[in-house]
Amino acid sequence: MLQTNYRHKYNPNEIDKKTFLANFVVRQEIFDEIFDDIKRTDFSVPSQHTVIIGQRGQGKTTLLRKLYIEIEEDKQLSQFLIPIQFAEEQYQIRSLCSLWELIAEMLEEADDVLFSNIVDIMEQHSEDKDYEFNCFDYLEKEIKKQNKKVVLLIDNIDELFGKLKEKETRRLREILLTSSTFKIIGGSTKMFENHYDYSKEFYQFFKIIKLKGLSQDETIKFLTVIANDKQKSKIVNIIKTQKGKIETLRQLIGGVPRTLVMLFDIFMDDEGNAFDDLIKVIDEATPLYKHRMDDLPPILQDIVHNIALNWDGILTKDIAKKTRLTSKEEIGRAHV
């Protein structure tokens, strides 16, 4: 197994900071756009909030970490702005109140001098009749005491919203519209319903930035960076002599950075043919994309399964027959 400079394919937060920054060579324009927005933000009034949309492996978590580091190291921003980066999975968040409690804990971890008692102070109110409703107010009061603002870097923000009750979602929208304490930069694998449904609380509320697959030039730059010292000369030679092979694989995997890391050994293989490469791609990428099928409702899983088994395509009536759905309308409703 080749050991590239990207050993932590699924958690870039585990890469040491120096290596991480040195390897950050793609998505620079998107980072600059978001970081410039943060620097231009007037934190005396409620902020514009942003959500980065991209499939798994497109670099959302990497962008969020880059923002975290640069905010911490910026001489002006770091004087008043505290970045808090959430882990990709936050199973302990079951309500809006638990979100504010987690932020309080993370503030203590970030600066145990300024926020040494913030969790204790909130817990003192935990038995109050209106604690859940006023939980944010307790948190904001302590942050304001220190003349600080907070940037929340929330991965999988769509999943967080999905855990909130309708009244909590309304409450969160009210807070974000009226409070200047927090600015949210979120990441999501899909466009969440709240943004496009006119009846929902967060209808067109966020600035949306969509991540696309890496271009040919970006792919070449990325491959050069992820190679370790012993692989540098070889990957440079492959880039010069086998651009067609690289472009074919890039298109096949949609230019997804994480998949490029997973398939690095294919780029480094001087032998083999296109069919062998395809088999390797399927084998390596199966764990990455299996979750897409798992996330579908059972009817859609059945439909996709039947489509996948028909190389030349399949008519709607044949799908209906194989899945025992009785009409195009039922198939359409399954898709919705």
Side-chain angles (χ1 to χ4, degrees), residues 5-6 8 11-88 103 106-107 109-111 143 146-158 160 176 179-189 191 195 202 204-215 217-219 221-222 225-226 255-258:
N5 288 332
Y6 269 69
H8 301 282
N11 193 354
N13 294 318
E14 296 300 321
I15 304 173
D16 70 90
K17 184 166 71 172
K18 182 179 179 180
T19 301
F20 174 85
L21 292 175
N23 291 343
F24 191 89
V25 296
V26 295
R27 310 296 192 202
Q28 186 64 49
E29 290 184 5
I30 293 177
F31 164 77
D32 290 340
E33 177 184 348
I34 300 173
F35 194 57
D36 288 345
D37 174 70
I38 294 173
K39 290 190 289 187
R40 292 194 305 267
T41 296
D42 180 358
F43 283 93
S44 66
V45 296
S47 296
Q48 167 71 64
H49 307 279
T50 300
V51 173
I52 306 165
I53 305 290
Q55 70 184 82
R56 296 181 190 275
Q58 283 283 24
K60 300 181 299 298
T61 305
T62 298
L63 273 169
L64 294 179
R65 186 185 181 194
K66 171 72 168 174
L67 288 166
Y68 177 91
I69 292 172
E70 296 299 341
I71 292 171
E72 274 198 327
E73 296 190 347
D74 187 278
K75 292 182 179 180
Q76 292 184 328
L77 290 177
S78 60
Q79 291 180 12
F80 70 93
L81 194 59
I82 301 174
I84 291 181
Q85 185 176 4
F86 286 57
E88 285 193 62
I103 292 172
M106 296 172 78
L107 282 172
E109 292 177 4
D111 193 324
I143 296 173
Q146 306 300 333
N147 295 315
K148 298 293 184 180
K149 304 292 182 179
V150 179
V151 170
L152 300 177
L153 305 167
I154 306 177
D155 223 340
N156 296 322
I157 194 172
D158 55 314
L160 185 150
L176 296 180
S179 173
S180 62
T181 301
F182 292 98
K183 183 177 182 69
I184 291 178
I185 310 293
S188 175
T189 57
M191 185 62 71
H195 183 77
F202 286 109
Q204 295 192 347
F205 185 86
F206 295 93
K207 177 181 179 181
I208 300 296
I209 295 177
K210 296 182 180 179
L211 296 184
K212 299 179 181 179
L214 299 183
S215 67
D217 289 342
E218 289 173 328
T219 299
K221 184 185 296 185
F222 187 66
V225 167
I226 67 175
V256 178
R258 183 184 294 164

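Of all heavy-atom pairs between Val51 and Ser188, the closest is CG1-CB, 4.1 Å. Contact record, Phe206 with Thr50: CD2-N, 4.1 Å, taken as the closest heavy-atom pair. In plain terms, the two heavy atoms of Pro257 and Gly57 that are nearest each other are CD-O, 3.2 Å. Nearest approach of Ala22 to Val225, heavy atoms of both residues: O-CG1, 4.5 Å. Nearest heavy atoms, Ser180 versus Lys149: OG-NZ, 3.0 Å. Listed here is the closest heavy atom pair of Asp155 and Ala87: CB-O, 4.3 Å.
Within the model, atoms CD of Gln48 and CD1 of Ile185 stand 9.0 Å from one another, a figure rounded to the nearest 0.5 Å. Of the inter-residue distances, the one linking Asp111 atom CG with Gln146 atom CD reads 8.0 Å to the nearest 0.5 angstrom. A distance of 7.5 Å separates CD1 in Ile38 from CG in Leu77, rounded to the nearest 0.5 Å. Here the OG1 atom belonging to Thr189 is positioned 13.0 Å from the CD1 atom belonging to Ile52, to the nearest 0.5 angstrom. Atoms CG and CZ, from Leu64 and Phe31 in turn, are 11.5 Å apart once rounded to the nearest 0.5 Å. To the nearest 0.5 Å, atom CG of residue Leu176 and atom NZ of residue Lys183 are 11.0 Å apart.
Screening Lys66, Gln85, Arg56 for a side chain to side chain contact (heavy atoms under 4.5 Å, CB included) with Thr61, the sole residue that qualifies is Gln85. Evaluated for a side chain to side chain contact (heavy atoms under 4.5 Å, CB included) with Lys39, the options Ile71, Asp74, Ile34, Leu81 yield exactly one hit, Asp74. None of Asn156, Leu152, Asp158 except one satisfies the side chain to side chain contact (heavy atoms under 4.5 Å, CB included) rule with Ile154; the exception is Leu152. Checking each of Lys207, Arg27, Lys210 against Glu33 for a salt bridge (Lys or Arg N to Asp or Glu O under 4.0 Å) leaves exactly one that passes, namely Lys207.
Contact check for Ile226 versus Asn23: no side-chain heavy atoms found under the 4.5 Å cut-off.
Without hydrogens or angle criteria, Thr41 side chain to Phe43 main chain gives no donor-acceptor distance under 3.5 Å. Judged by distance alone, the side chain of Lys60 and the main-chain N or O of Gln55 form a donor-acceptor pair under 3.5 Å. With hydrogens and angles disregarded, no donor-acceptor distance shorter than 3.5 Å links the side chain of Arg65 to the backbone of Phe20.
Atom NZ of Lys148 has more than 12 neighbouring heavy atoms from other residues, nucleotides or ligands inside a 6.0 Å radius.
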For Ile143 and Phe182: C-alpha separation, side-chain torsions, deciding distance, then whether side-chain contact (heavy atoms from CB on, under 4.5 Å) applies. CA-CA 10 Å; Ile143 296 173; Phe182 292 98; 3.7 Å; yes

Test log, rule side-chain contact (heavy atoms from CB on, under 4.5 Å), inputs Leu67 and Val151: CA-CA 10 Å; Leu67 288 166; Val151 170; over 6 Å; no

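A salt bridge links Glu73 to Lys17: at least one charged side-chain nitrogen sits closer than 4.0 Å to a carboxylate oxygen.
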